[in-house]
Amino acid sequence: MSTIVLRASTEQDVAAVQAIYAEHVRTGSASFELSPPSVKEMSERRAAVLGRGHPYWVAVDGPTVVGFAYASTYRPRPAYRWTLEDSVYVAARHTRRGIGGRLLGALIEQATALGYRQMVAVIGGSAHRPSIVLHERAGFRTVGVLRAVGFKHGRWVDTVLLQRPLGPADESLPEPAPEP
């Protein structure tokens, strides 16, 4: 068995990232997209995340990308500039190996180092316990549930909102400000 290594993503990882994400779009409720985006679209999304200076990680098992995670702007308005939203995806055949937790930990560490004060998770589906537990183990707490806000795979789907403070959180004023 190979050892899982985390590293910053590269453009060469995008096809594998797209394949993992497409699997989640087609089979689950983690994403509310109904059709998987193309490799080109995923490349553009990655570039946008990195262009804002946000973290984007992959987990590799030997030469194979088995998971990815990134933190992106929670909302576009400037008042939200201290808050990031995380996204973590692991290939189905590699779940329950601690990969998601390691990826989320890397996001938290880098976001804290960059001066962000809050991280939010928007989990697709109240029944998506593995993702909720993953976030709880990383210090997130559930702050709300939006009932039946999505419709996918022939059923209504909730979103569960979780939040985790980063660094000094709201105990002090931030400076200098990250660009919105």
Side-chain angles (χ1 to χ4, degrees), residues 9 13-52 54-59 65-96 99-108 111 116 118-164 166 180:
S9 71
D13 299 322
V14 174
V17 163
Q18 188 274 344
I20 292 167
Y21 185 68
E23 174 181 40
H24 284 276
V25 169
R26 285 191 301 271
T27 65
S29 64
S31 169
F32 276 22
E33 291 195 72
L34 300 179
S35 299
S38 68
V39 171
K40 180 180 185 291
E41 173 65 21
M42 291 298 286
S43 178
E44 291 168 357
R45 292 178 188 185
R46 178 182 165 277
V49 168
L50 294 173
R52 288 187 292 274
H54 298 156
Y56 202 119
W57 291 87
V58 292
V65 174
V66 297
F68 70 99
Y70 61 91
S72 58
T73 304
Y74 171 61
R75 292 211 161 166
R77 293 194 174 106
Y80 292 109
R81 71 186 171 278
W82 299 103
T83 302
L84 294 176
E85 179 180 339
D86 76 88
S87 295
V88 179
Y89 294 92
V90 176
R93 66 187 180 282
H94 293 280
T95 60
R96 303 200 184 277
I99 297 167
R102 289 184 59 200
L103 285 164
L104 182 55
L107 290 182
I108 291 167
Y116 290 95
Q118 299 289 329
M119 187 170 282
V120 174
V122 181
I123 308 297
S126 295
H128 199 339
R129 290 298 305 158
S131 189
I132 294 168
V133 170
L134 167 76
H135 283 83
E136 289 172 344
R137 287 182 179 156
F140 287 74
R141 65 181 182 83
T142 300
V143 294
V145 176
L146 301 173
R147 300 275 178 211
V149 294
F151 188 80
K152 187 171 180 182
H153 301 308
R155 64 184 178 87
W156 289 105
V157 183
D158 302 340
T159 57
V160 180
L161 305 174
L162 295 98
Q163 183 176 351
R164 183 196 195 282
L166 301 175

| request: Indicate yes or no: at least one non-hydrogen side-chain atom of Val25 is less than 4.5 angstrom from one of Tyr89. | output: no
| Does Tyr70 offer a backbone N or O that forms a donor-acceptor pair with the side chain of Ser87 under 3.5 Å? | no
| How far does OG of Ser131 sit from CG of Leu104, to the nearest 0.5 angstrom? | 8.5 Å
| message | Please check this pair: side chain of His135 against backbone of Gln163, looking for a donor-acceptor N/O pair closer than 3.5 Å. | response | no
| remark: Heavy-atom closest pair (Phe32 atom, Gly124 atom, distance to 0.1 Å) is CE1-CA, 3.8 Å
| request: State, with a plain yes or no, whether a side-chain heavy atom of Val145 is found less than 4.5 Å away from one of Ser126. | output: yes
| request: Answer whether the closest heavy-atom distance between the side chains of Ser72 and Arg45 falls below 4.5 Å. | output: no
| query | Could you give the distance from CG (Leu166) to CD (Gln118), rounded to the nearest 0.5 Å? | reply | 6.5 Å
| Leu134 CG to Arg102 CZ distance, which is reported to the nearest 0.5 Å | 13.0 Å
| task | Begin from the C-alpha positions of Arg129 and Glu136 and carry the test side-chain contact (heavy atoms from CB on, under 4.5 Å) through to its verdict. | result | CA-CA 10 Å; Arg129 290 298 305 158; Glu136 289 172 344; 3.9 Å; yes
| request: Spell out, as yes or no, whether a donor-acceptor pair under 3.5 Å connects the side chain of Asp158 to the backbone of Ala148. | output: yes
| query | Taking Tyr56 as the fixed residue, which of Leu50, Leu107, Asp13 is the one that meets the side-chain contact (heavy atoms from CB on, under 4.5 Å) rule? | reply | Leu50
| request: Could you pull out the closest heavy-atom pair between Val88 and Ala69, with the gap in Å? | output: CG2-CB, 3.9 Å
| query | Looking only at atom types and distance, does a side-chain atom of Lys152 sit under 3.5 Å from a main-chain N or O of Ala30, one as donor and one as acceptor? | reply | no
| request: For the pair Arg46 (side chain) and Val17 (backbone), establish whether a donor and an acceptor sit closer than 3.5 Å, ignoring hydrogens and angles. | output: no
| query | Step by step, would you call Val122 with Glu85 a side-chain contact (heavy atoms from CB on, under 4.5 Å)? | reply | CA-CA 8 Å; Val122 181; Glu85 179 180 339; 3.6 Å; yes
| request: Side-chain contact test, heavy atoms from C-beta onward, threshold under 4.5 Å: evaluate it for Gln18 versus Ser38 and give yes or no. | output: no
| note | Exactly one candidate in Tyr80, Tyr116, Trp82 meets ring-ring contact (aromatic ring centres under 6.0 Å, His included) with Tyr74; the answer is Tyr80
| message | For a quick test of reading the model, state the closest non-hydrogen atom pair linking Gly28 to His153 and the distance between them. | response | O-NE2, 3.2 Å
| query | Phe140 pairs by side-chain contact (heavy atoms from CB on, under 4.5 Å) with which of Ile132, Ile123, Leu161, Ile108? | reply | Ile108
| query | Going by heavy atoms in the side chains, are Arg155 and Ser29 under 4.5 Å from each other? | reply | yes
| request: Side-chain contact test, heavy atoms from C-beta onward, threshold under 4.5 Å: evaluate it for Arg75 versus Arg77 and give yes or no. | output: no
| query | Can you tell me if Arg137 uses its side chain to pair, donor with acceptor, with the backbone of Gly101 under 3.5 Å? | reply | no
| If you take all heavy atoms of Ala59 and Ile99, which pair is closest and at what distance? | CB-CG2, 3.6 Å
| field | Contact summary for Leu84 and Thr73, nearest pair of heavy atoms | value | CD2-N, 4.2 Å
| Minimal non-hydrogen separation, Ser9 against Val58, with atom names | CB-CG1, 3.8 Å
